[in-house]
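Within every chain, numbering begins at 1; the chains are lettered A, B, ... in the order of the sequence lines, protein sequences first and strands thereafter.
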Number of protein chains: 2
Amino acid sequence: MLREHGIDHVKVEPLAQRLGVTKGSFYWHFKNRQDLLKSLPEFWARRQTDPVLAHVQAAPGGPIDKMRSILEFIAREDPDQYDNAMRAWAQFDPEVAAAVAAIDDRRMATARWLFEEAGLSAPDAAFRARLWYFYDVGEHVTRDTPDTVEERLERAAHRLKLLTSDLVSG
Amino acid sequence: MLREHGIDHVKVEPLAQRLGVTKGSFYWHFKNRQDLLKSLPEFWARRQTDPVLAHVQAAPGGPIDKMRSILEFIAREDPDQYDNAMRAWAQFDPEVAAAVAAIDDRRMATARWLFEEAGLSAPDAAFRARLWYFYDVGEHVTRDTPDTVEERLERAAHRLKLLTSDLVSG
DNA sequence: ACATTACCATACGGCTGCGTATGGATGAAA
DNA sequence: TTTCATCCATACGCAGCCGTATGGTAATGT
C-alpha cells in the first residue's frame with residue numbers, strides 16, 4: 001500500500017480487506033494505525049540499505065574498486081521499491097524525514113569515506129559524495145532508471161569514470 | 001495544502017475552512033475535487049520552471065556562462081516550494097508522473113543542449129546533463145540545500161567547476 | 001475435562017469528507 | 001424596477017474509516 005499508493009492509503013480497513021481478514025485482527029497485532037506506521041521506517045532501513053552498506057565493506061580492492069563493486073551491485077538489483085515511497089512520505093512528516101535523513105547520511109558518509117580514501121580532501125570528498133549520491137536519488141525519483149541490467153551497468157561505468165577520472169587510481 | 005501535507009490532504013472541506021468560506025463556494029468554482037487536482041500540474045509548470053528556462057535563454061555568453069548564470073539564478077531564489085510536493089504526488093499518480101516527467105525532460109534538454117554547445121558528443125552531453133540535473137533533484141528531495149545564499153552560491157561554483165573543468169571553455 | 005492463551009470475526013458509534021439541492025445576497029443590464 | 005448572472009451559505013444523504021466492545025474458535029498446558 002505504501003509503495004503503490006502512499007502513506008495516506010495505508011489504512012487499516014482496506015489493508016485488512018487486502019489481506020483477507022477483518023480489522024478485528026489488525027487491532028490484535030497493532031495498538032492502532034499510528035503504531036503500524038511507526039514500524040515502517042525501521043523495516044525499510046533494514047531491508048533497503050543495510051545490505052548495500054554491508055556489501056561495500058566486504059568488497060575487495062581500493063576505493064575505486066569498491067565504488068565499482070557497489071555500482072554493479074545496485075545495477076543488478078531490481079529498481080528501487082521503497083525509497084520513493086519513503087521520500088514521498090518524508091516530505092510531510094518530520095519524524096519520517098529524520099529517519100530518511102539518517103539513512104541518507106549513512107549512505108553519503110560511505111561515499112565520502114571512499115572519496116577520501118581515493119585522495120580527496122574532506123570538503124572535496126563531501127561534495128563529490130553528494131554528486132555521487134544525488135545521482136542515485138535523481139535517477140530513482142525521476143524514474144529514469146533503464147529497464148535492462150546491461151544499460152544500468154553501462155551507465156554505472158560511465159558514472160564511475162566521470163566521477164573518478166581525475167583521481168589517482170582512476 | 002499540497003506543499004505542507006501532500007495531495008491527499010487537498011480536500012474541499014478543509015480547504016474551504018482554511019479560506020474562510022464554505023464548500024458551497026468551492027463547487028461553484030470547480031466541478032468537483034478532481035477538477036481542482038487536474039489544474040495543479042499546469043499551475044506548477046508555469047510558476048516553477050518557465051521562468052528558469054526563459055532566464056537561461058536570455059543569459060549572455062557561451063554555454064559555461066549560461067550555466068553559471070542559471071546556477072546563480074537558482075541559488076538566489078528561495079528554496080523550492082512545489083517540486084517536492086509534485087514529485088511526491090507523481091509517485092502515485094501516473095498522469096501527474098507524466099506531467100512531472102515532461103518538466104524534467106524540458107529542464108534536462110536545456111542542460112543537454114548546453115553541454116553539447118560546450119563540445120560534448122550527444123551521449124556524453126546526455127549523461128552529463130543527468131549528472132547536472134539530478135544534483136538539483138537530490139538536493140531538493142533530501143532537503144540538503146544550504147540556508148544562506150552565500151553557501152548556495154559557493155556550492156554552485158563548486159558544482160560548475162567539477163562538471164565543466166574538462167571542457168574547452170572551462 | 002477444563003481453563004487459558006492466541007488469533008480472528010462481528011457489530012457498533014462516531015467523525016470526516018464528498019457531492020447535491022436549494023436558498024439568499026449583490027451588482028449589472030435591460 | 002425588474003431581471004439575470006455571479007458568488008456564497010445552509011442543509012442533507014451517503015460512504016469510508018477509526019477505534020472499541022464483545023463473541024467465537026482452535027490449540028495448548030494442567
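For the residue pair Tyr27(B)/Asn32(B), the side-chain donor-acceptor check at 3.5 Å is not satisfied. Checked by atom type, the side-chain pair Arg143(B)/Gln91(A) shows a donor-acceptor distance below 3.5 Å.
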- Note on the structure: In 5'-to-3' order, the base (B), backbone-only (S) or no-contact (-) status of each nucleotide in nucleotides 6-25 of chain D, using a 4.0 angstrom heavy-atom cut-off, is SBSBBB-----BBBB-----
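We find that CD of Gln17(B) is positioned 12 Å from P of dC18(C), with the value rounded to whole Å. Summarising the geometry, the separation between CG on Asp8(A) and C1' on dT16(C) is reported as 14 Å, rounded to the nearest angstrom. The CG-C1' distance, from Leu37(B) to dC18(C), rounds to 13 Å in whole Å.
By the 6.0 Å and 45° rule, Arg47(B) does not stack over the aromatic ring of Tyr82(B). Judged by a 6.0 Å distance limit and a 45° cone about the ring axis, Arg112(A) is not positioned over the six-membered ring of Trp132(A).
Screening residues 49-68 of chain B for ring-ring contact (aromatic ring centres under 6.0 Å, His included), with sequence neighbours left out, gives His55(B)-Phe73(B).
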